[in-house]
Number of protein chains: 2
Amino acid sequence: MKPSLSTKQLQLLDTAESLFSQKGFDGTSVRDIAEAAGINTAMISYYFGSKEKLMEEIFERKSLNIKEKVANLLKDDSLNPLEKMYSLVDMYIEGILSRKTFHRILLCEQIINQNPSIITMLDKMKTKNSEYINDLIRLGQRKGLFKKNIDIPMMTNTLIGTVSHTLVNLDFYKTYHHMEGLKDEEFERVVKKRLSVHIKNIYKAILTHES
Amino acid sequence: MKPSLSTKQLQLLDTAESLFSQKGFDGTSVRDIAEAAGINTAMISYYFGSKEKLMEEIFERKSLNIKEKVANLLKDDSLNPLEKMYSLVDMYIEGILSRKTFHRILLCEQIINQNPSIITMLDKMKTKNSEYINDLIRLGQRKGLFKKNIDIPMMTNTLIGTVSHTLVNLDFYKTYHHMEGLKDEEFERVVKKRLSVHIKNIYKAILTHES
DNA sequence: CAAAATTAATTAAACGTTTGTTTAATTCCC
DNA sequence: GGGAATTAAACAAACGTTTAATTAATTTTG
């Protein structure tokens, strides 16, 4: 069990996450972070050891762990396989859009990160997430409800890709649909709902036999 | 008309593009680029003015311009609206996967870039691309073949998002499907084909009335 | 056509900043 | 009073860019 963090440590993590998501890891200096958090620069090394380890801490705290939720989904008898997939879709939408800043960082670091411990973390996450979706789809196939020849990673790519690209282009989406007047929370609610409907439609069409 | 670039300038652009896509703009130094290209560091400022302008040059040269192609699509009488959408899907898959390094940069810079002239470039690109898809979908709707209540940006998000997320996770996809043995070109061919089939299925299901 | 003059390309070195981290001194709190 | 928290200052290294000197290429000239 890791020691819990102090208020100032959490403040540094939040500030760093915000700046990393705006300017990237390499584009953000420890002085930027410290100044924005109103804390002395040396405290970052003092608390976390280094800028890199601060980033690792952010990843450890914010990485999406849906293991337990999916396990519960699998053994939930009140839902049919398609409904379980629907539930998984909503989990991802919620998980990504309610962690917007972190996921912006994630999108960049997936491409340019060279930090070994973060690479390991990302690999584990991808493998796990893929296994879960695997299990759910296999279940639907065994029950004869889903088609046999499903390209499972492609399904994941559409789910995560659509949500991620929506996240990156949120402003464009808001402007396009003339929703500038909406409050932030309401706009977010609308986007989540539309993503949900949109992706569920896709999943139904690709997974099941009927139209 | 811009003056055409010398061999060494092109060499610098290619080297820079490759390094930016691996380590990001801020994670790549002008010394990195110059050394990798076997050219003196000062030549970057000499040729392009600055590191930032070098990046702008990369964007100007590699940004996807599908205007003409879509214009031809719109007036092509031999294709029905759905076939036109299919053609558009393939354009994007080809455009993104045949410019892998550039699009990795694009994915990062969409999030963290602060360079005004690149922001402008990206905005224009997004607006244009959105208009094209708009025109194509409206055409199908006027002809009564497409549904009325289509969330057009959401269609774009799924197209670009799926292709982009596939690009970022190419290695994972290769491993998952046990295609490590394939030659690079063949693997790329397979991925393009699968993306094509996958996304066209999605588009057909969402755009048209039939199953 | 060769020599001279001019322009362009290339270099190593230096420029002033900024980088992440460490130090040593100080303040704070129990 | 003693251990943790906080500070300003200093550290060397790396950053993007500029400079001034040199070489290469091109143009002008006799």
Side-chain angles (χ1 to χ4, degrees), chain A residues 2-60 105 108-109 112-119, chain B residues 2-60 105 108-109 112-119:
Chain A
K2 277 211 168 190
S4 59
L5 302 180
S6 71
T7 312
K8 292 208 170 184
Q9 282 171 305
L10 293 174
Q11 195 180 336
L12 273 174
L13 284 175
D14 280 350
T15 310
E17 187 183 313
S18 168
L19 289 175
F20 287 159
S21 79
Q22 293 169 49
K23 315 199 290 176
F25 179 76
D26 292 311
T28 307
S29 73
V30 291
R31 285 172 180 79
D32 288 340
I33 302 168
E35 191 183 351
I39 292 174
N40 190 282
T41 308
M43 296 306 287
I44 288 176
S45 296
Y46 180 74
Y47 277 143
F48 302 102
S50 69
K51 184 187 172 189
E52 296 243 315
K53 286 188 184 151
L54 185 157
M55 180 68 136
E56 293 170 24
E57 187 68 37
I58 292 176
F59 267 76
E60 274 170 21
I105 300 177
C108 290
E109 298 305 312
I112 66 178
N113 196 298
Q114 323 242 2
N115 181 330
S117 81
I118 288 189
I119 293 178
Chain B
K2 277 211 168 190
S4 59
L5 302 180
S6 72
T7 312
K8 294 208 169 187
Q9 283 171 304
L10 293 174
Q11 194 180 337
L12 273 175
L13 284 175
D14 280 349
T15 310
E17 185 183 317
S18 168
L19 289 175
F20 288 160
S21 80
Q22 293 169 48
K23 316 199 289 175
F25 179 76
D26 292 311
T28 306
S29 73
V30 292
R31 285 171 180 81
D32 287 340
I33 301 168
E35 191 184 351
I39 292 173
N40 189 283
T41 307
M43 295 306 287
I44 289 176
S45 295
Y46 179 75
Y47 276 144
F48 302 101
S50 68
K51 186 188 172 191
E52 297 244 314
K53 285 188 185 153
L54 185 158
M55 180 68 137
E56 293 170 24
E57 187 68 38
I58 292 177
F59 266 75
E60 272 170 22
I105 300 177
C108 291
E109 298 305 312
I112 65 178
N113 197 297
Q114 324 243 4
N115 181 329
S117 82
I118 289 190
I119 292 178

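These values consider heavy atoms only, across backbone and side chains, with no hydrogens, waters or symmetry-generated copies. Each chain gets a letter, A, B and so on, in the order its sequence line appears, and its residues count up from 1.
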Going by ring pair (Phe, Tyr, Trp, His ring centres under 6.0 Å), name the residues that satisfy it together with B/F59, two or more places apart in sequence or in a different chain. B/F102
Using a 4.0 Å heavy-atom cut-off, does B/T28 contact any base of the nucleic acid, only the sugar-phosphate backbone, or nothing at all? sugar-phosphate
d(CG, B/N115; P, D/dG16) in whole Å: 15 Å
When you check every protein heavy atom under 4.0 Å of nucleotides 3-10 of chain D, what one-letter string (B, S, -) results, 5' to 3'? -SBBBB-B
Respond yes when some side-chain nitrogen or oxygen of B/S45 is under 4.0 Å from OP1 or OP2 of D/dG16, and no when none is. no
Minimum side-chain heavy-atom gap A/F25-A/K51 below 4.5 Å: yes
Excluding sequence neighbours, so at least two apart, what forms salt bridge (Lys or Arg N to Asp or Glu O under 4.0 Å) with A/E17? A/K62
d(CD1, B/I44; P, D/dG16) in whole Å: 8 Å
Crowding at CD, B/Q114 (>12 non-hydrogen neighbours, <6.0 Å): yes
Is any side-chain nitrogen or oxygen of B/S29 closer than 4.0 Å to OP1 or OP2 of D/dA14? no
Qualifying residues under side chain to side chain contact (heavy atoms under 4.5 Å, CB included), relative to B/T7, sequence neighbours excluded: none
Across all chains, not counting sequence neighbours, the salt bridge (Lys or Arg N to Asp or Glu O under 4.0 Å) partners of B/K23 are B/D32
Can you pull out the residues from residues 11-25 of chain B that lie within a 4.0 Å heavy-atom distance of DNA chain D? none
Atom CD1 of B/I33 and atom C1' of D/dC15: how far apart are they, to the nearest Å? 12 Å
Evaluate side chain to side chain contact (heavy atoms under 4.5 Å, CB included) for A/M55 paired with A/I105, printing each intermediate quantity in order. CA-CA 10 Å; A/M55 180 68 136; A/I105 300 177; 3.7 Å; yes
With a 4.5 Å cut-off on side-chain heavy atoms, are B/F48 and B/L12 touching? yes
